[in-house]
Participant: 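Below is the structure I would like to discuss, written out as structure tokens.
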Amino acid sequence: MDDGEVEGASWGKHEGKFYGYKVYIVVDVAAELPVTLTMEVGSRNDCAAFEPLIEEFDKRYDTDNIQAALADAGFDSQGNREFTQEKLDCPLLTAINPRRSAPLKAIRDEIKELFKNHGDEIDSPYDALERLPQEQLSEYGIEVGSVEETYIFQAIKERMHRHLRAGVERVFSRLKSFTGLDRVRARKENNVETHVVLSAVALVATSLTTKRQGRPGLVRSPSRLI
């Protein structure tokens with residue numbers, strides 16, 4: 001698609017270069033349903049979109065019982081963790097962004113290898129820490145008492161709960177395959193936004209229908225309801 005062909009769109013990067021918009025979604029992983037979303041231009045930085053999304057979620061829902069928020073590496077920043085703790089009163093567990101620093105990349109690689117070899121045996125973050133090679137933190141260029149020291153613990157917790165993020169991926173998959181969100185034909189920004197919102201509404205309506213029909217398992221195969 002050439003520049004300017006779609007109103008308000010721009011070039012961005014996500015698993016390659018694309019021209020269009022980005023959709024950011026807060027997903028209830030237990031229900032596998034979108035609960036809050038925003039649409040931004042393709043060039044919008046992921047971290048810059050994080051706070052408005054969380055603020056919108058906090059306004060709309062009772063967040064007292066949230067145990068943790070999970071996010072991918074695009075939202076990996078100390079600012080986002082502090083903001084989540086302040087707004088939602090829960091930790092933000094993100095995948096490690098290896099581009100932040102060489103020490104964190106080394107830690108990410110060790111944690112990945114640890115769970116590859118011993119994932120079924122790890123019962124707690126403390127258990128994982130004991131199984132990691134016991135080099136001094138200073139060898140990673142990390143000072144004792146620094147943010148990065150806590151970050152290791154949080155990174156392990158994220159890795160232990162990563163299976164929950166599969167529910168998020170399934171929501172995106174259904175939005176693309178069931179509602180055509182990966183091939184929006186509209187050329188005006190308002191129409192694209194309408195498509196995005198109605199796509200989320202369609203998933204929620206599908207979930208309600210499956211429950212009323214006593215077939216909740218079909219929420220993952222919405223086309224079988226038609």
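On a predicted model such as this, the values are computed, not experimentally measured, just so you know. Residue indices begin at 1 and follow the sequence shown.
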Participant: Would you indicate whether the side-chain heavy atoms of Leu175 and Ile25 approach each other to under 4.5 Å?
Facilitator: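 Contact flag for Ile25/Leu175 side chains = yes.
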Participant: When you group the ILVMFWY residues by side-chain heavy-atom contacts below 4.5 Å and let the links chain together, are Val35 and Val27 in the same group?
Facilitator: no
Participant: Would the distance check show the side chain of Asp46 and the main-chain N or O of Phe75 forming a donor-acceptor pair, the cut-off being under 3.5 Å?
Facilitator: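 Not a single qualifying donor-acceptor pair exists.
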Participant: Which pair of heavy atoms, one from Arg183 and one from Ser177, lies closest together, and at what distance?
Facilitator: NH2-O, 4.2 Å
Participant: Please determine whether residues Val196 and Tyr19 belong to a single hydrophobic cluster, defined as Ile, Leu, Val, Met, Phe, Trp and Tyr linked transitively by side-chain heavy-atom distances below 4.5 Å.
Facilitator: yes
Participant: If the threshold is 4.0 Å, N to carboxylate O, is there a salt bridge linking Arg170 and Glu32?
Facilitator: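 Between Glu32 and Arg170 there is a salt bridge, with a charged N closer than 4.0 Å to a carboxylate O.
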Participant: At what distance, to the nearest 0.5 angstrom, does CG of Asp182 lie from CZ of Phe18?
Facilitator: 13.0 Å
Participant: Give, for atom OH of Tyr21 and atom CG of Leu181, the distance between the pair rounded to the nearest 0.5 Å.
Facilitator: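 Answer rounded to 0.5 Å: 12.5 Å.
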Participant: Verify the cluster assignment for Leu198 and Phe178: are they in a single hydrophobic cluster under the rule of side-chain heavy atoms below 4.5 Å apart?
Facilitator: no
Participant: Quick one: are Leu88 and Ile54 in side-chain contact, heavy atoms under 4.5 Å?
Facilitator: yes
Participant: Under 6.0 Å from the CD atom of Gln67, do we count more than 12 heavy atoms belonging to anything else shown?
Facilitator: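 No - once you tally the heavy atoms of other residues, nucleotides and ligands closer than 6.0 Å, there are 12 at most.
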Participant: Do Arg60 and Glu56 sit within salt-bridge range, that is, some charged N less than 4.0 Å from a carboxylate O?
Facilitator: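 Looking at Arg60 and Glu56, the cut-off is met.
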Participant: Heavy atoms, side chains only, cut-off 4.5 Å: are Pro34 and Leu203 in contact?
Facilitator: yes
Participant: With a 4.5 Å cut-off on side-chain heavy atoms, are Ile156 and Tyr126 touching?
Facilitator: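 With C-beta onward as the side chain, the pair stays apart.
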Participant: Checking side chain to side chain contact (heavy atoms under 4.5 Å, CB included) for the pair Leu70/His161: CA distance, chi angles, key distance, verdict?
Facilitator: CA-CA 8 Å; Leu70 285 83; His161 293 84; 3.8 Å; yes
Participant: Carefully, step by step, assess Thr36 and Tyr61 under the rule side chain to side chain contact (heavy atoms under 4.5 Å, CB included).
Facilitator: CA-CA 10 Å; Thr36 304; Tyr61 297 95; 3.5 Å; yes
Participant: Do the side chains of Tyr24 and Lys22 get nearer than 4.5 Å, heavy atoms only?
Facilitator: yes
Participant: Nearest 0.5 angstrom please: Lys105 NZ to Ile96 CD1, how far?
Facilitator: 11.0 Å
Participant: So do Arg99 and Leu104 actually touch side chain to side chain, heavy atoms under 4.5 Å?
Facilitator: no
Participant: Could you grab the distance from atom OG of Ser207 to atom CZ of Arg174, nearest 0.5 Å is fine?
Facilitator: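 Result: 8.5 Å between the selected atoms.
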Participant: If you compare all heavy atoms of Asp127 against all heavy atoms of Ile122, which two are closest, and at what distance to 0.1 Å?
Facilitator: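 Scanning both residues, the minimum pair turns out to be OD2-CA, 3.3 Å.
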Participant: Measuring from atom OG of Ser77 to atom CG of Asn45, what distance do you get when rounded to the nearest 0.5 angstrom?
Facilitator: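 CG of Asn45 is found 9.5 Å from OG of Ser77.
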Participant: Between Lys87 and Glu51, is a side chain to side chain contact (heavy atoms under 4.5 Å, CB included) present by the stated rule, with each step listed?
Facilitator: CA-CA 9 Å; Lys87 280 289 181 181; Glu51 290 190 11; over 6 Å; no
Participant: Given Gln154 and Glu158, is the side chain to side chain donor-acceptor pair (under 3.5 Å) satisfied, shown in steps?
Facilitator: CA-CA 6 Å; Gln154 297 291 342; Glu158 185 277 331; over 6 Å; no
Participant: Would you confirm whether Asn117, through its side chain, and Glu113, through its main-chain N or O, come within 3.5 Å as a donor-acceptor pair?
Facilitator: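 Yes; judged by distance alone, with no hydrogens or angles, the pair exists.
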Participant: Backbone N or O of Asn97 within a donor-acceptor pair of the Asp76 side chain at under 3.5 Å?
Facilitator: yes
Participant: Checking the side chain of Thr63 only, and the main-chain atoms of Asp58 only, is there a donor and an acceptor separated by less than 3.5 Å?
Facilitator: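 Absent.
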Participant: Please report the shortest heavy-atom distance between Lys157 and Pro125, naming the atom on each side.
Facilitator: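 Shortest heavy-atom separation between Lys157 and Pro125 comes out as CG-CG, 3.4 Å.
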Participant: When you measure from the side chain of His195 to the backbone of Thr179, do you find a donor-acceptor pair of N or O atoms at a distance under 3.5 Å?
Facilitator: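 The answer is yes, because a donor-acceptor pair under 3.5 Å joins these two groups.
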Participant: Could you check Leu92 against Phe50 for side chain to side chain contact (heavy atoms under 4.5 Å, CB included), going step by step and ending with a plain yes or no?
Facilitator: CA-CA 11 Å; Leu92 172 65; Phe50 182 81; 3.8 Å; yes
Participant: Is the shortest side-chain heavy-atom distance between Pro91 and Gln85 below 4.5 Å?
Facilitator: yes
Participant: Is a side-chain N or O of Ser10 found less than 3.5 angstrom from the main chain of Ser43, in a donor-acceptor match?
Facilitator: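 Yes, Ser10 side chain to Ser43 backbone: donor-acceptor pair under 3.5 Å.
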Participant: Check the hydrophobic clustering (I, L, V, M, F, W, Y; side-chain heavy atoms under 4.5 Å; chains of links allowed) and say if Ile66 and Leu53 are grouped together.
Facilitator: yes
Participant: Side-chain contact, heavy-atom cut-off 4.5 Å: Leu33 with Val171?
Facilitator: no
Participant: Which pair of non-hydrogen atoms, one from Glu121 and one from Arg131, has the smallest distance, and what is that distance?
Facilitator: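 Residues Glu121 and Arg131, closest heavy atoms: OE1-NH1, 3.2 Å.
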Participant: To the nearest 0.5 Å, tell me how far Glu86 CD sits from Thr84 OG1.
Facilitator: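 Rounded to the nearest 0.5 Å, the CD-OG1 separation comes to 10.0 Å.
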Participant: When hydrophobic residues are tied together by side-chain contacts of less than 4.5 Å, even through go-betweens, does Val168 share a cluster with Val26?
Facilitator: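 No, separate clusters.
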Participant: May I ask you to decide if Ala205's main-chain N or O and Thr209's side chain share a donor-acceptor pair within less than 3.5 Å?
Facilitator: yes
Participant: Quick one: closest heavy-atom pair of Leu37 and Ala200, and the distance?
Facilitator: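 Leu37 and Ala200 have their closest heavy atoms at CD2-CB, 3.4 Å.
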Participant: Please report the closest heavy-atom contact between Cys47 and Asn80, naming both atoms and the distance.
Facilitator: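 Heavy-atom minimum between the residues: SG-ND2, 3.5 Å.
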